[in-house]
Protein chains: 2
Amino acid sequence: MTRDTVPETNRSLPIALLRAREKVMGPIRAMLADVGVTEQQWRVLRVLAERGTLDPTEIADRSCLLMPSLTRILQTLTTKGLITREVHPTDKRRQLVTITAAGRQLIADNLKESQRLNAWLRESFGADKLDALLDLLNELDALDRDPRG
Amino acid sequence: MTRDTVPETNRSLPIALLRAREKVMGPIRAMLADVGVTEQQWRVLRVLAERGTLDPTEIADRSCLLMPSLTRILQTLTTKGLITREVHPTDKRRQLVTITAAGRQLIADNLKESQRLNAWLRESFGADKLDALLDLLNELDALDRDPRG
DNA sequence: AACTTGCCATTAACATGTTAAGTAAAGGAT
DNA sequence: ATCCTTTACTTAACATGTTAATGGCAAGTT
């Protein structure tokens, strides 16, 4: 009965995305656990290493985190000595976040393993498929918002 | 410097998967919020509607949830009167979870809107691309585990 | 200047993610 | 029957996801 009207979870895009993400993140999480940082903390550090000093709003945007989560993460990273924070010189509402030498070192220490995991993925899954997948995902993300039309 | 060694987050599969998921889930979350259930609770209810009575372990597997999360969710759903639980007749370790009439009603009430969102996605993104994306994601999920080789 | 509006970041409250440990029951071996 | 291992589920502890409300500050309006 319900089997005819309720779509199979197999063809559900949200769940498919979730499972794929789990597949990819599992090994990365394991690697990061050894160093004592979470996946999200790692994302923040990488963004800071990529772009240099940023304010929290831009970090949130680039690392795909919501501000409340980021607030807690920045506190944690500060405690761990991986970032520093200072108030914006002309706008006291804002902050400037910078990765420390220790933070860069942490990234450097794990970059090789991170790249090895990426290489494994490209080989196992196929470079062509991986690129095709990334293109599709980016296209999806670029879709016009708001399906209430 | 770091720009040469640290891969851009744009081409990071984990982040691309995350952003794509956000794009798809946003509207669905909004719909479910009106009914007072979360995305995960919705997944559990759908699995139960699809497959009938199941034990928690199989629910966790099919709805892509970890057991600790599922334990809390099943408690919530029981409180809300959307599911019932009973101990397995021959194996007292196990349980049997069944969706209630109220649970089925909740699904029925939201099915149309859910399908409308799916239709919007197919139109906006393209049916061919959507299918290609789902195929790629399923292939990825089917990859051999364990990249420590 | 007083008011208003908007923005940045934080906090609060609740739900889930994640890993590890704990509890109870089932199954097999001695 | 006793012991050991495994299985199914729960709890605990900490981190994040998510929405709403709050506080501090900036900028425009009157």
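Predicted model only: the values in this text are computed from it and were never measured. Throughout, a chain's letter reflects where its sequence line sits, starting with A, and its residues are numbered from 1.
Contact between B:Leu143 and A:Phe125 at its shortest, heavy atoms only, is CD1-CB, 4.0 Å. The two residues A:Ser63 and A:Arg43 come nearest to each other via the heavy atoms O-NE, 2.7 Å. Closest non-hydrogen pair, B:Leu140 versus A:Ala20, comes out as CD2-CB, 3.8 Å.
Under the side chain to side chain contact (heavy atoms under 4.5 Å, CB included) criterion, A:Ser69 pairs with A:Arg72, sequence neighbours left out. The side chain to side chain contact (heavy atoms under 4.5 Å, CB included) test applied to B:Pro14 returns A:Arg21, A:Val24, A:Met25, A:Ile28, B:Ser12, not counting sequence neighbours. Residues meeting the side chain to side chain contact (heavy atoms under 4.5 Å, CB included) test with B:Leu96, sequence neighbours left out: B:Thr53, B:Glu86, B:His88, B:Pro89. With sequence neighbours excluded, no residue forms a salt bridge (Lys or Arg N to Asp or Glu O under 4.0 Å) with B:Lys80. Shown here are the side chain to side chain donor-acceptor pair (under 3.5 Å) partners of A:Ser124, two or more places apart in sequence or in another chain: A:Trp120. Listed by chain and residue number, A:Arg94 satisfy the salt bridge (Lys or Arg N to Asp or Glu O under 4.0 Å) test with A:Asp55 (two or more places apart in sequence, or in another chain). A search for salt bridge (Lys or Arg N to Asp or Glu O under 4.0 Å) contacts involving A:Asp91 returns A:Arg93, not counting sequence neighbours. Residues satisfying the side chain to side chain contact (heavy atoms under 4.5 Å, CB included) criterion with B:Ala119, sequence neighbours excluded, are absent altogether.
On the nucleic acid side, DNA chain D contacts chain A at distances under 4.0 Å to non-hydrogen atoms, with the end points of that region at D:dA15 to D:dA26.
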(message) What does the B/S/- profile of nucleotides 21-29 of chain C look like, 5' to 3', with a 4.0 Å heavy-atom cutoff to protein?
(response) ----BS---
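Straight-line distance from the CD atom of A:Glu86 to the P atom of C:dA9: 13 Å, rounded to whole Å.
Axis deviation across the helix from C:dA1-D:dT30 to C:dT30-D:dA1 amounts to 0°, comparing end segments of five pairs, rounded to 10 degrees.
Where B:Gln95 and A:Gln40 meet DNA chain D, the nucleotide closest to each residue was compared, and B:Gln95 sits on the side nearer the 5' end. Where B:Cys64 and A:Leu96 each meet DNA chain C at their nearest nucleotide, the meeting point lying more 5' is that of A:Leu96. With DNA chain D read from its 5' end, the first of the two nearest nucleotides for B:Pro56 and B:Gly26 is the one closest to B:Pro56.
Within residues 66-81 of chain B, the residues that have a heavy atom under 4.0 Å from DNA chain D are, in order of number, B:Met67, B:Pro68, B:Thr71, B:Arg72, B:Gln75.
At C:dC7, none of the side-chain N or O atoms of A:Thr57 fall inside 4.0 Å of OP1 or OP2 (strictly under the cut-off).
For A:Arg122 and A:Asp131, the salt-bridge test passes: some basic side-chain N is under 4.0 Å from an acidic carboxylate O. A:Arg29 and A:Glu22 are joined by a salt bridge, as a carboxylate oxygen and a charged side-chain nitrogen come within less than 4.0 angstrom of each other.
Residue contacts shown for A:Glu58 are absent, as no nucleic acid heavy atom lies under 4.0 Å away.
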